[in-house]
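Since the structure comes first, as structure tokens, the remarks are kept for the end.
By convention here, the first residue in the shown sequence is residue 1. Side-chain atoms are counted along with the backbone in the values below, which use heavy atoms only and exclude waters and symmetry mates.
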Amino acid sequence: MKNLKQLILLSTICLFIFSCSSPDRSVGMNTWEGMSDLKWHIGTESPIQTVMEYEDAWRARDFDKMRSMSTDSTIFIGGDGVSTGLDELIENIKKNDITRDSIGASLSWETKAIFSVDIAPGEGGELVHSFIDAEYSEGDAVNRWRGMQRWYVIDGKIIRRSSYWQDIVEEEETENDN
């Protein structure tokens, strides 16, 4: 009887341990050379915090902080497919700020959603996807658009950012089209 109780207790403990450890979930596919057998995993919070901190530095024009969070080879790819390095990006930001200031225009954006995925957890970095709503105002004219940005982050450093944009169609315009 004693052995039966010990066997039941051991079985219960094993069942509890195995039921609590869920399998590592992964989904999706990719066609990248040498990685086509890998699937996507939920990422971690740290790269998300890195991107949010980087965007805060960008909004505040804290270029020293942006530099400290980038590498010598960090690349920014715009929606038009044009790649720039960090120094060129900062110069473009400064030029655009001067132009906007001279005509009384403004540009702002707000992050609406952000998440991270990882194709090889524990190896390399993570892809952070952020979704923003942006607004450019010049006098009475206002242009709004949505952007999707993909950031590649390794150890708290921005390696690459790609962005894609689409205009936000105002409801009045869609009602008139119907």
Side-chain angles (χ1 to χ4, degrees), residues 24-35 38-138 142-168:
D24 191 21
R25 282 187 42 173
S26 60
V27 297
M29 57 81 66
N30 76 83
T31 58
W32 298 333
E33 187 174 327
M35 301 178 92
L38 299 177
K39 295 182 176 283
W40 294 102
H41 302 259
I42 297 294
T44 60
E45 191 68 25
S46 180
I48 292 170
Q49 293 301 322
T50 297
V51 168
M52 292 173 67
E53 190 176 331
Y54 199 90
E55 282 196 333
D56 287 344
W58 192 328
R59 279 185 202 91
R61 302 308 194 244
D62 187 347
F63 300 125
D64 290 334
K65 179 144 188 147
M66 289 173 67
R67 280 188 176 93
S68 74
M69 296 179 72
S70 302
T71 67
D72 292 339
S73 59
T74 297
I75 296 173
F76 298 85
I77 305 168
D80 56 3
V82 175
S83 300
T84 60
L86 180 61
D87 290 336
E88 185 178 359
L89 175 74
I90 289 172
E91 287 307 309
N92 289 340
I93 291 170
K94 290 177 180 179
K95 286 177 192 175
N96 290 335
D97 284 348
I98 290 169
T99 301
R100 279 191 295 275
D101 288 347
S102 72
I103 60 175
S106 65
L107 173 65
S108 62
W109 71 91
E110 178 183 3
T111 302
K112 294 294 192 173
I114 190 166
F115 66 89
S116 175
V117 293
D118 196 346
I119 199 159
E123 299 176 29
E126 294 181 29
L127 283 175
V128 177
H129 295 247
S130 66
F131 300 87
I132 65 170
D133 282 358
E135 180 177 289
Y136 174 85
S137 298
E138 186 179 321
V142 177
N143 184 24
R144 293 180 182 90
W145 65 91
R146 290 199 168 92
M148 186 194 91
Q149 304 176 105
R150 289 185 314 185
W151 305 76
Y152 185 54
V153 180
I154 298 178
D155 296 328
K157 299 281 186 179
I158 303 298
I159 306 302
R160 181 181 317 110
R161 188 204 88 185
S162 300
S163 56
Y164 306 90
W165 310 96
Q166 84 182 45
D167 284 333
I168 296 175

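- Considering OG of S108 and CZ of R144, their distance stands at 9.5 Å, rounded to 0.5 Å.
- Expressed to the nearest 0.5 Å, how far CZ of F131 lies from OG1 of T111 amounts to 11.0 Å.
- Side chains of I119 and V117 form no contact here, defined as non-hydrogen atoms less than 4.5 Å apart.
- Under 4.0 Å is where a charged nitrogen must lie from a carboxylate oxygen, and between D97 and R100 at least one such pair does.
- Counting non-hydrogen atoms of other residues, nucleotides and ligands closer than 6.0 Å to CD1 of I154 gives a total above 12.
- Once rounded to the nearest 0.5 Å, the distance linking CD of E135 with CG of N143 reads 9.0 Å.
- Between the CZ atom in R67 and the CG atom in D87 there is a gap of 5.0 Å [rounded to 0.5 Å].
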Note to self: Applying side chain to side chain contact (heavy atoms under 4.5 Å, CB included) to L89 and F63, what does each step give before you reach the verdict?
What the structure shows: CA-CA 10 Å; L89 175 74; F63 300 125; over 6 Å; no

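- Taking 4.5 Å as the limit, every side-chain heavy atom of W151 sits out of range of all side-chain heavy atoms of T50.
- The backbone N or O of Y164 sits nowhere less than 3.5 Å from a side-chain atom of R150 that would complete a donor-acceptor pair.
- Nearest heavy atoms, Y136 versus A105: OH-CB, 3.4 Å.
- For R160, the CZ atom is loosely surrounded, since the number of other residues' heavy atoms within 6.0 Å does not exceed 12.
- Expressed to the nearest 0.5 Å, how far CD1 of I93 lies from NZ of K95 amounts to 12.0 Å.
- The list of salt bridge (Lys or Arg N to Asp or Glu O under 4.0 Å) pairs with a residue in residues 121-133, not counting sequence neighbours, reads D133-R146.
- The shortest distance between side-chain heavy atoms of V153 and V51 falls below 4.5 Å.
- Judged purely by distance below 3.5 Å, without hydrogens or angles, the side chains of Q49 and E45 pair a donor atom with an acceptor atom.
- Below 30°, between 30° and 60°, or above 60°: for H129 and F115 the angle between ring planes is below 30°, a parallel geometry.
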Donor-acceptor pairs are to be reported for all side-chain atoms of residues 68-80 against protein atoms at under 3.5 Å, with residues two or more places apart or in another chain.
residue: S68; atom: OG; partner: K65; partner atom: O; Å: 2.8
residue: S70; atom: OG; partner: Y54; partner atom: OH; Å: 2.9
residue: S70; atom: OG; partner: M66; partner atom: O; Å: 2.7
residue: T71; atom: OG1; partner: S73; partner atom: N; Å: 3.2
residue: T71; atom: OG1; partner: T74; partner atom: N; Å: 3.2
residue: T71; atom: OG1; partner: T74; partner atom: OG1; Å: 3.0
residue: T74; atom: OG1; partner: T71; partner atom: N; Å: 2.7
residue: T74; atom: OG1; partner: T71; partner atom: O; Å: 3.3
residue: T74; atom: OG1; partner: I158; partner atom: O; Å: 2.6
residue: D80; atom: OD1; partner: V82; partner atom: N; Å: 3.1

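- Summarising the local packing, CG of N96 is surrounded by more than 12 heavy atoms from other residues, nucleotides or ligands at distances under 6.0 Å.
- The structure places CD1 of I159 at 11.5 Å from CG of L127, a figure rounded to the nearest 0.5 Å.
- You'll find the side chain of E91 reaches within 4.5 Å of the side chain of K94, heavy atoms only.
- In the model, S130 has a side-chain atom that pairs as donor or acceptor with a side-chain atom of Q149 under 3.5 Å.
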